[in-house]
Amino acid sequence: MKSLEFVLDREVVIRARRATVFRFFADSARFADWWGAGSTIEGRVGGKVRIVMPGNTVALGEVLEIKTNERVVFTYGFEAAGMPIPPGGSRVTVTLRDHAEGTLLHLHHEFASVQARDHHVQGWRYQLAVFANVAATLEHKDLGSTLDRWCALWGEPDAAARQAALATCTTEAVTFRDNYSCTSGRADLDAHLAAIVVHMPGTRLRRVGDPRHCQGAVLTDWEAIGPDSQVRSRGTNFVSLSPDGRIASVIGFWSK
């Protein structure tokens, strides 16, 4: 391998736990989820790497180092002749660290030429965004259930049941804001929900349609239903998810 003196560094925060993120470098099915069908990786030192890109462009490599949930290093070069990097002609190091919002992924790609490096800047910008979304989607695969539990909190008269449900679907420091409330922490939110039962008896909330999820941020529509089963109001929540899948914050927007 030629001297690799030209470097591309990128970092991305992924709304998923490190163990979840690492799975995409240790399992071929997960690896293909973010690279594309036909891509494979053997999660061991000496294991083969095959990346199938759009247009059937293929990159090949070999795993040089792998440490569970922390680090993977592999060579990278193109199968076809005449491409910017020959097989084994560059080296990719991916490092995973804990982050308050999930996992901090650091990419360090070493090249033999500045032209090859510059050729990959936009490609990695795109690919890491795809990866961040795929990993977050796996981590939050129960998103619909979590949002339904959130909606069920509105109008729940049983304090013990409400508090137990809050603990399963929200973080301790959860925040909630809309036109009529601004709460900080689970206990404050619970007090707000208890007040709704008193002042709006019989009102309940239900989710409408599928949520729209991107890298731990969610848009989800809702309807408020009165005791007469009629829709009293509608709106959209902007939800931020914690790395473990619970709700960290909600901003509610009313449309009616």
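For clarity, every value in this text was computed on a predicted model and none was experimentally measured.
- Looking at heavy atoms from C-beta onward, Gln115 lies out of side-chain contact with Pro84 at the 4.5 angstrom threshold.
- Here the OG1 atom belonging to Thr68 is positioned 11.0 Å from the CG atom belonging to Leu96, to the nearest 0.5 angstrom.
- Between the CZ atom of Arg23 and the CZ atom of Arg17 there is a distance of 10.0 Å, given to the nearest 0.5 Å.
- Scanning for side-chain contact (heavy atoms from CB on, under 4.5 Å) contacts around Glu172 gives Arg186, with sequence neighbours left out.
- Legend: side chain to side chain donor-acceptor pair (under 3.5 Å) pairs involving residues 43-57, not counting sequence neighbours, sorted by first then second residue: Glu42-Arg44.
- Across all their heavy atoms, Asn133 and Cys214 have their closest contact at OD1-CA, 3.2 Å.
- Partners of Glu79 by side chain to side chain donor-acceptor pair (under 3.5 Å), not counting sequence neighbours: none found.
- The pair Arg71-Glu65 counts as a salt bridge, with a side-chain nitrogen and a carboxylate oxygen less than 4.0 angstrom apart.
- Take Phe238 and apply the side-chain contact (heavy atoms from CB on, under 4.5 Å) test, not counting sequence neighbours, and it matches Ala217, Leu219, Ser240, Ile251, Phe253.
- Heavy-atom minimum distance, Leu105 versus Phe131: CD1-CE2, 3.3 Å.
- Checking side-chain atoms of Asp228 against main-chain N and O of Gln230 turns up a donor-acceptor pair under 3.5 Å.
- Listed here is the closest heavy atom pair of Ser90 and His109: OG-NE2, 2.8 Å.
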List the atom pairs, with distances to 0.1 Å, where a side-chain N or O of residues 192-204 and a protein N or O form a donor-acceptor pair under 3.5 Å, not counting sequence neighbours.
| residue | atom | partner | partner atom | Å |
| --- | --- | --- | --- | --- |
| Thr203 | OG1 | Met200 | O | 3.2 |

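- Tyr126 OH: 12 or fewer foreign heavy atoms inside a 6.0 Å radius.
- Put simply, the side chain of Thr75 gets close to the backbone of Glu62: a donor and an acceptor are under 3.5 Å apart.
- Nearest heavy-atom pair, Val218 versus Pro211, reported as atom, atom and distance to 0.1 Å: CG1-CB, 3.8 Å.
- The main-chain N or O of Ser184 is found under 3.5 Å from a side-chain atom of Asp188 such that the two form a donor-acceptor pair.
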- Show your reasoning for whether side-chain contact (heavy atoms from CB on, under 4.5 Å) applies to Arg234 and Asp221. CA-CA 8 Å; Arg234 295 184 174 91; Asp221 298 324; over 6 Å; no
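- Contact between Ala100 and Pro243 at its shortest, heavy atoms only, is O-CG, 4.0 Å.
- A centroid separation of 6.0 Å or more is found between the aromatic rings of Phe24 and Trp35.
- Using a 4.5 Å heavy-atom cutoff, the side chains of Arg30 and Leu138 are in contact.
- When side chains are defined from C-beta on, Phe31 counts as touching Val49, because their heavy atoms get closer than 4.5 Å.
- Ser28 contributes a side-chain N or O that, together with a main-chain N or O of Ile41, makes up a donor-acceptor pair within less than 3.5 Å.
- Scored by the side-chain contact (heavy atoms from CB on, under 4.5 Å) test, Asp142 finds no partners at all (sequence neighbours excluded).
- Cluster annotation: Val94 and Val12 are assigned to the same hydrophobic cluster (Ile/Leu/Val/Met/Phe/Trp/Tyr, side-chain heavy-atom contacts under 4.5 Å, transitive).
- The stretch residues 144-170 participates, sequence neighbours left out, in these ring-ring contact (aromatic ring centres under 6.0 Å, His included) pairs: Trp150-Trp154, Trp150-Phe176, Trp154-Phe176.
- At least one side-chain heavy atom of Leu241 sits less than 4.5 Å from a side-chain heavy atom of Ile247.
- In this structure, the side chains of Pro227 and Arg232 come closer than 4.5 Å at one or more pairs of heavy atoms.
- Between the side chains of Thr95 and His108, no donor N or O sits under 3.5 Å from an acceptor N or O.
- Here the closest non-hydrogen pair linking Asn69 and Arg18 is O-NH1, 3.1 Å.
- Residue pairs meeting the salt bridge (charged side-chain N to carboxylate O under 4.0 Å, His left out) criterion with at least one partner in residues 108-120, sequence neighbours excluded, are Arg91-Glu110.
- Screening residues 145-157 for salt bridge (charged side-chain N to carboxylate O under 4.0 Å, His left out) gives Asp148-Arg207 as the qualifying pairs, with residues at least two apart or on separate chains.
- Side chain of Gln215 to backbone of Arg15: no donor-acceptor contact under 3.5 angstrom is found.
- Follow the hydrophobic side-chain contacts under 4.5 Å out from Ile85 and you never reach Val58; the two are in separate clusters.
- If you take CH2 on Trp124 and CG on Leu107, they are separated by 5.0 Å, rounding to the nearest 0.5 Å.
- Side-chain heavy atoms closer than 4.5 Å link hydrophobic residues (I, L, V, M, F, W, Y) into clusters, and following such links, even through other members, never connects Leu104 to Leu128.
- Screening His120, Arg125, His119 for a side chain to side chain donor-acceptor pair (under 3.5 Å) with Gln122, the sole residue that qualifies is Arg125.
- For Arg212, the CZ atom is densely surrounded, since the number of other residues' heavy atoms within 6.0 Å is greater than 12.
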- Item | Evaluation steps, side-chain contact (heavy atoms from CB on, under 4.5 Å), between Ile225 and Val231 | CA-CA 5 Å; Ile225 311 300; Val231 175; 3.7 Å; yes
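- By the ring-ring contact (aromatic ring centres under 6.0 Å, His included) test, Phe74 pairs with no residue at all, sequence neighbours left out.
- Hydrophobic clustering, with ILVMFWY side chains joined whenever heavy atoms are under 4.5 angstrom apart, keeps Tyr76 apart from Leu60.
- Through direct or relayed side-chain contacts under 4.5 Å between Ile, Leu, Val, Met, Phe, Trp and Tyr, Val208 connects to no other residue.
- With sequence neighbours excluded, the residues satisfying side-chain contact (heavy atoms from CB on, under 4.5 Å) with Ala165 are Leu153.
- By the criterion of side-chain heavy atoms lying less than 4.5 angstrom apart, applied directly or through intervening Ile, Leu, Val, Met, Phe, Trp or Tyr residues, Trp34 is grouped together with Met53 in one hydrophobic cluster.
- Other residues, nucleotides and ligands contribute over 12 non-hydrogen atoms within 6.0 Å of the CZ atom of Arg10.
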